[in-house]
There are 2 protein chains.
Amino acid sequence: MPENKVALFFQVFNEVGIIEQLSRALLQAQLPPGFLVSHFSVLNHLVRVQDGRTPLELARAFQTAKTTMTHTLAGLDKAGYVEMRPNIEDARSKRVWISDTGRAFREQAIVSVKPDLERVAAEFPADRVLNLLPELEELRKIMDRQRDEN
Amino acid sequence: MPENKVALFFQVFNEVGIIEQLSRALLQAQLPPGFLVSHFSVLNHLVRVQDGRTPLELARAFQTAKTTMTHTLAGLDKAGYVEMRPNIEDARSKRVWISDTGRAFREQAIVSVKPDLERVAAEFPADRVLNLLPELEELRKIMDRQRDEN
DNA sequence: TCAATATAATGCGATATCGAACTAAACAAG
DNA sequence: CTTGTTTAGTTCGATATCGCATTATATTGA
């Protein structure tokens, strides 16, 4: 691989990193004190994918250490946004269920960040985002799979 | 803005977040114990942009709190990878210079991650990355500017 | 059957990151 | 000048995240 190819991937990952930080900041700014994007992300995952996930599944989904997920879930549980129930199929494990207030919290966050997204969309049209999406999806899938292969 | 537009931006930022985590993990895995991507990123910035930056400039460039940059720079200084000198133009301030060992550290990290990038490139061709880059750059610039406007 | 190994979650200590308060220097207005 | 305000960096306390070790349960294999 020529050096400019390495540099090219580096550049893209650099841009991705900056966009991640900026978008994270937009969402974070809309969350009430004491709640982080990590909390939102778990709730969002439980809604989008399906609740009843185990903590370990969640940790894997977010590439985070198990202990971090324990901590994040404790916060969500304390706030009443999730409920931790025993896993009937495995007594070592638990399953995480989102509550109605948890769902409301997630929806409120999404509504709150809408104006920010509109401001971005005003300059970067949705059709360009639409073109971007499948490329990013495939890149993500490739990297995700390669990670699992190790 | 229709709901699907909100969802579209959400999706893209979600993909971006996952790619960021995966690429960060690849780089992190190549760094010696005690060094994080945050350390590498600062060194990389000093090389790419120019060294002699002030800590505050660096903090802004990375969207991080000033105190975080103080901490990161202390680690780099302790390792001998940067040198902190007084800012002649402003006695409150400092300027950060990368050392030869700091440059070597950065270069080594880049070399080490090359195989990982090659593995990704084998499945996601460079020309697609090349198409992605300007779009991401523009999206980043827009979001960056909008942040400054507030 | 049961001993060895693997897995899920947690407890604990270390470090990263952050926000608030502080100090010193620079700047601005009178 | 000099006094009030802003700015650069740090200190300090709180919390997030991580790695390692531990406990409980599950799985495997002789």
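Letters A, B, ... are given to chains in the order of the sequence lines, protein chains preceding strands, and every chain is numbered from 1. What you are looking at is a predicted structure, and each value in this text was computed from that prediction instead of being measured.
- By the ring-ring contact (aromatic ring centres under 6.0 Å, His included) test, Y81(B) pairs with F35(B), F105(B), sequence neighbours left out.
- Remark: L133(A) pairs with E137(A), L8(B), Q11(B), V12(B), E15(B) by the side chain to side chain contact (heavy atoms under 4.5 Å, CB included) rule, at least two apart or across chains.
- E107(A) is linked by a salt bridge (Lys or Arg N to Asp or Glu O under 4.0 Å) to nothing, counting only residues two or more places apart in sequence or in another chain.
- Taking 4.0 Å as the cutoff to heavy atoms of chain A, we find the contact window on DNA chain C bounded by dA6(C) to dG11(C).
- Cluster annotation: L56(B) is not connected to L76(B) through the hydrophobic network of ILVMFWY side chains, with a link wherever side-chain heavy atoms come within less than 4.5 Å.
- The side-chain hydrogen bond (donor to acceptor under 3.5 Å, both in side chains) contacts involving residues 23-38 of chain A comprise E20(A)-R24(A), Q30(A)-D116(A), where partners must be two or more places apart or lie in separate chains.
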| Contact state string [nucleotides 1-12 of chain D, B base, S sugar-phosphate only, - no protein heavy atom under 4.0 Å] | ------BSBBB-
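- For D144(A), the side chain to side chain contact (heavy atoms under 4.5 Å, CB included) criterion is met by Q63(A), R140(A), R147(A), L22(B), not counting sequence neighbours.
- Residues from residues 32-46 of chain A that place a heavy atom under 4.0 Å from any atom of DNA chain D, listed by number: L36(A), S38(A).
- Sorted by first then second residue, the ring-ring contact (aromatic ring centres under 6.0 Å, His included) pairs that include residues 112-141 of chain A, not counting sequence neighbours, number zero.
- By the side chain to side chain contact (heavy atoms under 4.5 Å, CB included) test, P125(A) is found to be paired with D127(A), R128(A), residues two or more places apart in sequence or in another chain being considered.
- By the side chain to side chain contact (heavy atoms under 4.5 Å, CB included) test, D51(B) pairs with L46(B), W97(B), I98(B), R103(B), sequence neighbours left out.
- Over its full length, the helix from dT1(C)-dA30(D) to dG30(C)-dC1(D) turns its helical axis through 20°, comparing axes from the five pairs at each end and rounding to 10°.
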